[in-house]
K.L.:
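Here you go, one structure.
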There are 2 protein chains.
Amino acid sequence: MSLDHLLLGALREPASGYDLKATFEQVYRHFWPAELSQIYRTLRRLEAEGLLTSRRAASDIGPERRVYRTTAKGRARLRRWLQEGPQVSDDRHAFCAQVFFLDELEEPEARLTFLRALRDEFAVRRSQLEAIEAQWRADDPRYPDGLPPAELMQQFTLALGIEKFGAIARWAETCIARLEARQQQETADAAPL
Amino acid sequence: MSLDHLLLGALREPASGYDLKATFEQVYRHFWPAELSQIYRTLRRLEAEGLLTSRRAASDIGPERRVYRTTAKGRARLRRWLQEGPQVSDDRHAFCAQVFFLDELEEPEARLTFLRALRDEFAVRRSQLEAIEAQWRADDPRYPDGLPPAELMQQFTLALGIEKFGAIARWAETCIARLEARQQQETADAAPL
DNA sequence: CACTGCATGTAACCTGTTACATGATTTC
DNA sequence: GAAATCATGTAACAGGTTACATGCAGTG
């Protein structure tokens, strides 16, 4: 039900499904990706439940839009979700399962290749979030601790993304170093002076 | 399709669905939780695809078991999955979405309560993995860098779990400190000498 | 006899993904 | 006139969750 609450939160400011998709791509992506088809479907359901209202609106540039907004009931639902405390679900990391069975690749070099690709992938993701942070810092002299409450909370989530991706990239780097050290050790053992 | 590959990897050693559930709980849980009903369903499908075989076996203690094992074809499939490189999917963190909208709770104390619960939850999870690590270290003098390859890879995944939960707990702690500092600042501003 | 643990499964449901369909408006 | 962007949707499918059903064997 998290998508529901994300939409209720986002639609405290009016927006169309198409607008929301852009927000998901730019802002929520690193903690909650969503496809347009799912957004539209969920918006209709939330409206039927009375948690959102919609009105048609002309677009400057394309076809008519349907603009949604959270109702008082929807806002109460959002608040209840927050009051219930943190909803910590288990996450699924396919790459971690892969590492678990990586011994199945018998060549040490293949294992290193895998781990380097992993490190690079997360380093890129971290950099992308750091770029967003740098832009924000450049645009607003209050960044980060002078920001108003709503934006401060949003800054917290950005900081988490950077920490999380950074932690995984550093972990991969450590694994690589440990494997390399082991390989050197084995070479030394195989050809003693 | 990661559950498929996890089962193919796990069933390089024979096991029943029930056994596998225990392994998921104890070992895979922090990167890939799975329910029994889903495990059974997937085992049957993988057998139909020729990636697993099964035989009936008596149990010492309960009803007859169905013991599965990965076939050569299944093992090749596993290896291919690893050779395709890291499969990095986006993850969903409901708690992060909650933090994003936490300004909706207007009392600063409510926000702190939320963040403290979050910190505690992840600190507990980290401790649980650290306990597993301590046990392993006590049981095997080769831990960690003298372990044979298969176990070394498994140790890598444990280390990731500890890092990941630790990073989130530290992040939450930082958020708490920043909010507390802000509150003190506001109190000082409101009542200057 | 009730309870716990062992063991396998079915059915209904919910959430999320992928592929496709439709059509307006602007730009090259 | 073709392509890109804006905009809304449908349908089929895949993956995961929850609730329930069944029955064996050992323990208190």
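Residue numbers begin at 1 in each chain, while the letters A, B, ... track the order of the sequences.
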K.L.:
Using side chain to side chain donor-acceptor pair (under 3.5 Å) as the criterion, list what pairs up with A:Gln87, not counting sequence neighbours.
P.N.:
A:Trp81
K.L.:
Can you sort out the partners of B:Pro108 under side-chain contact (heavy atoms from CB on, under 4.5 Å), two or more places apart, ordered by chain and number?
P.N.:
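Partners of B:Pro108 under the side-chain contact (heavy atoms from CB on, under 4.5 Å) test: B:Gln183.
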K.L.:
Specify the separation, in whole Å, of atom NE2 of A:His5 and atom P of C:dT15.
P.N.:
11 Å
K.L.:
Under 3.5 Å, which donor-acceptor pairs link side chains of residues 131-149 of chain B to any protein atom two or more places apart or in another chain?
P.N.:
residue  : atom : partner  : partner atom : Å
B:Glu133 : OE2  : B:Tyr143 : OH           : 2.8
B:Gln135 : NE2  : B:Asp139 : OD1          : 3.3
B:Gln135 : NE2  : B:Asp139 : OD2          : 3.4
B:Asp140 : OD1  : B:Arg142 : N            : 2.9
B:Asp140 : OD1  : B:Arg142 : NE           : 3.0
B:Asp140 : OD2  : B:Arg142 : NE           : 3.4
B:Asp140 : OD2  : B:Arg142 : NH2          : 2.9
B:Tyr143 : OH   : B:Gln155 : NE2          : 2.9
B:Asp145 : OD1  : A:Arg178 : NE           : 2.9
B:Asp145 : OD1  : A:Arg178 : NH2          : 3.2
B:Asp145 : OD2  : A:Arg178 : NE           : 3.4

K.L.:
Residues in ring pair (Phe, Tyr, Trp, His ring centres under 6.0 Å) with B:Phe122, at least two apart?
P.N.:
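Partners of B:Phe122 under the ring pair (Phe, Tyr, Trp, His ring centres under 6.0 Å) test: B:Phe95, B:Phe165.
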K.L.:
For nucleotides 8-18 of chain D, give me one character per nucleotide, 5' to 3': B if any protein heavy atom sits under 4.0 Å from the base, S if the only such contacts are to the sugar-phosphate, - if neither.
P.N.:
BBB-B--SBBB
K.L.:
To the nearest Å, give me how far apart CG (B:Asp91) and C1' (C:dT17) are.
P.N.:
17 Å
K.L.:
Can you list, pair by pair, the side-chain donor-acceptor contacts under 3.5 Å of residues 26-47 of chain A, counting residues two or more places apart and other chains?
P.N.:
residue : atom : partner : partner atom : Å
A:Thr42 : OG1  : A:Gln38 : O            : 2.7
A:Arg45 : NE   : A:Glu49 : OE2          : 3.0
A:Arg45 : NH2  : A:Asp4  : OD1          : 2.9
A:Arg45 : NH2  : A:Asp4  : OD2          : 2.3
A:Glu47 : OE1  : A:Ser54 : OG           : 3.4
A:Glu47 : OE2  : A:Ser54 : N            : 3.1
A:Glu47 : OE2  : A:Ser54 : OG           : 2.8

K.L.:
Between D:dT5 atom C1' and A:Lys21 atom NZ, what is the distance in whole Å?
P.N.:
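Computing the A:Lys21:NZ to D:dT5:C1' distance gives 15 Å.
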